[in-house]
There are 2 protein chains.
Amino acid sequence: MLSFSEENYLKAIYHIEQLQTEGASTNTVAKKMQTKASSVTDMLQKLADKRLVVYKKYQGALLSAKGKKIAASVIRKHRLWETFLVNKLNFSWDEVHDIAEQLEHIKSEKLIDSLDAFLEFPRVDPHGDPIPDKDGNMTKQKKVMLSTLKENQQSKLVTIKDSSDNFLRYLDKKQIAIGNTIKVIAIEPFDKSIQVQIEGREFMITEEVAENLLVEIPSLTLPKVKRTN
Amino acid sequence: MLSFSEENYLKAIYHIEQLQTEGASTNTVAKKMQTKASSVTDMLQKLADKRLVVYKKYQGALLSAKGKKIAASVIRKHRLWETFLVNKLNFSWDEVHDIAEQLEHIKSEKLIDSLDAFLEFPRVDPHGDPIPDKDGNMTKQKKVMLSTLKENQQSKLVTIKDSSDNFLRYLDKKQIAIGNTIKVIAIEPFDKSIQVQIEGREFMITEEVAENLLVEIPSLTLPKVKRTN
DNA sequence: TAAAAAATTTAGTCTTGTCTAAAAATATTT
DNA sequence: AAATATTTTTAGACAAGACTAAATTTTTTA
């Protein structure tokens, strides 16, 4: 039986591996866990003893198959609980993270599978992130930052990168939601701000916002546009 | 913010106070918490420092108003989660205790109040125990052991004392449920076993079982019975 | 009411997970 | 490649919460 802390480290390493394919360095983990490098070293050693990560001094850690499975199950629980809070208890998506951080450590397979069924087997959570199945598999969606799209390309918003309360509230205010179709109308070369059309409404977003909106990879062919010259 | 352990101690003391009106002795708490007396002493000292209990060396502890409120809120959470598990996720009543022991420590007032509303403000949990309201008040039902009833008396099963899996499964097997009307048909003087009629079915239960079934205090007057001599 | 028994507390130790400061290894720069 | 900077590890300490063994207080018994 793992402690909350061990589970949190595994989850952090999992997320880091997703971002960069390589192993997670001590410092990267420390930043993610908001702790000190020396504490991370201790924990990596312990997780290595338990065969949950492969750890080599001065070279960071990689999840073992066992570690990956546990990390995925923690993420599964986190995302199912978030879905519960939003869909059943009417929480808004910026309120659920901290509570799910606690709920993800509740130990009961039966509980989480019952919850899954109760929610009718959702495949993504309220933020658009995929929910791993019982075996830890999840449909790893291909996605790109909205800021990489060219003018006239459009795609569907699948996830957000930053999930701070501030950003989530910004999205609510602008009525931007997971699943919305977003079209890039024009890109201002000076500051890279983007004129977008979202569900019919047209307005401007900054480059920073565009870098935190992840959309489906759009079809490679641009829609043909009549040239006027 | 209290630790899980501190919350568990407060809850244990609360339950002990309910049973015996006096303060909780070190040993009683140790037994309830399945720990050693010396550990209890340490914790009582700590809780006293935080003004959650009134503690005098060698004389046990009593909950302060603040301590009582926290204990009641933990019990509220426990019982609401049990209700959720049984009513929404279709757990049986013997499966919910251990999971609720974990869930009761989740910190979020909004969560628990939303859950309360989602469950439509239940007043008792699946074991028949009253659920404290937001302010920690609960309708303290008056109840007695079934074994204290006389022949021909009848009453309604409101709670059980022992809530071990074994006992709960026994009750399921015998189809005894909270709310059932139970009538004492006859008491065997030799072993104090009791012939009962429960929801129309008549059978025998041991004294031990009768001591763990708590029923409403029956009306004081016995139903009149025709004398045959 | 003195002696024995039981309950409680104290003292010292252990584990988990954290920290700071210093040492060691790796990476970067000149 | 040597010097410097950065990263990582080690060593030692601390707090929480538990434990054992010994000491102390309270309660019971004779």
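First the proteins, then the strands, lettered A, B, ... as listed; each starts at 1. The figures that follow rest on heavy atoms only: side chains count, while hydrogens, waters and symmetry mates do not.
- Residue Gln45(B) forms a side chain to side chain donor-acceptor pair (under 3.5 Å) with just one option from Asp49(B), Thr41(B), Asp42(B), and that option is Asp49(B).
- dT9(C) atom C1' lies 16 Å from atom CG of Leu47(B), rounded to whole Å.
- Straight-line distance from the NZ atom of Lys50(B) to the P atom of dA15(D): 14 Å, rounded to whole Å.
- One can place CG of Asn27(A) at 18 Å from P of dA25(C), the figure rounded to the nearest angstrom.
- Summarising the geometry, the separation between NZ on Lys36(B) and P on dT8(C) is reported as 15 Å, rounded to the nearest angstrom.
- Nucleic acid contact for Ser39(A): base, since at least one base atom lies under 4.0 Å from a heavy atom of the residue.
- For the OP1/OP2 pair of dA18(D) and a distance below 4.0 Å, the side-chain nitrogens and oxygens of Tyr9(B) include at least one atom meeting the criterion.
- Listed pair Lys57(B) / dT10(C) meets the phosphate criterion, a side-chain N or O lying under 4.0 Å from OP1 or OP2.
- Tyr58(A) has its OH atom 4 Å from the C1' atom of dA25(C), to the nearest Å.
- Tyr55(B) has a side-chain polar atom (N or O) that falls below the 4.0 Å cut-off from OP1 or OP2 of dT9(C).
- The salt bridge (Lys or Arg N to Asp or Glu O under 4.0 Å) with Arg76(B) is formed by just one residue from the set Asp113(B), Asp135(B), Asp129(B); it is Asp113(B).
- Tyr14(A) does not carry Lys68(A) over the face of its six-membered ring by the limits of under 6.0 Å from the centre and within 45° of the normal.
- Across all strands shown, Thr41(B) has heavy atoms under 4.0 Å from base atoms, whether or not it also approaches the sugar-phosphate.
- Going from atom CD of Glu7(B) over to atom P of dA16(D) covers 16 Å, rounded to whole Å.
- Of all the heavy atoms in Leu62(B) and Gly23(B), the pair that sits closest is CG-CA, 3.9 Å.
- Residue contacts for Phe4(A): at a heavy-atom cut-off of 4.0 Å it reaches no nucleic acid atom on any strand shown.
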Per-pair distances, 0.1 Å, donor-acceptor, side chain in residues 77-89 of chain A, under 3.5 Å, sequence neighbours excluded:
residue: Lys77(A); atom: NZ; partner: Glu104(A); partner atom: O; Å: 3.4
residue: Lys77(A); atom: NZ; partner: Ile106(A); partner atom: O; Å: 3.3
residue: His78(A); atom: ND1; partner: Glu104(A); partner atom: OE1; Å: 2.8
residue: His78(A); atom: NE2; partner: Glu82(A); partner atom: OE2; Å: 2.9
residue: His78(A); atom: NE2; partner: His97(A); partner atom: ND1; Å: 3.4
residue: Arg79(A); atom: NH1; partner: Pro130(A); partner atom: O; Å: 2.7
residue: Trp81(A); atom: NE1; partner: Leu103(A); partner atom: O; Å: 3.4
residue: Glu82(A); atom: OE1; partner: His127(A); partner atom: ND1; Å: 2.9
residue: Thr83(A); atom: OG1; partner: Arg79(A); partner atom: O; Å: 2.7

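- Between Ser25(B) and dA7(C), a side-chain N or O to OP1/OP2 separation shorter than 4.0 Å is absent.
- The base of dT18(C) has none of its N or O atoms less than 3.5 Å from a complementary donor or acceptor on the side chain of Ser38(A).
- Rounded to whole Å, the distance from CE on Met33(B) to P on dC19(D) is 10 Å.
- Met43(B) has its CE atom 8 Å from the C1' atom of dA16(D), to the nearest Å.
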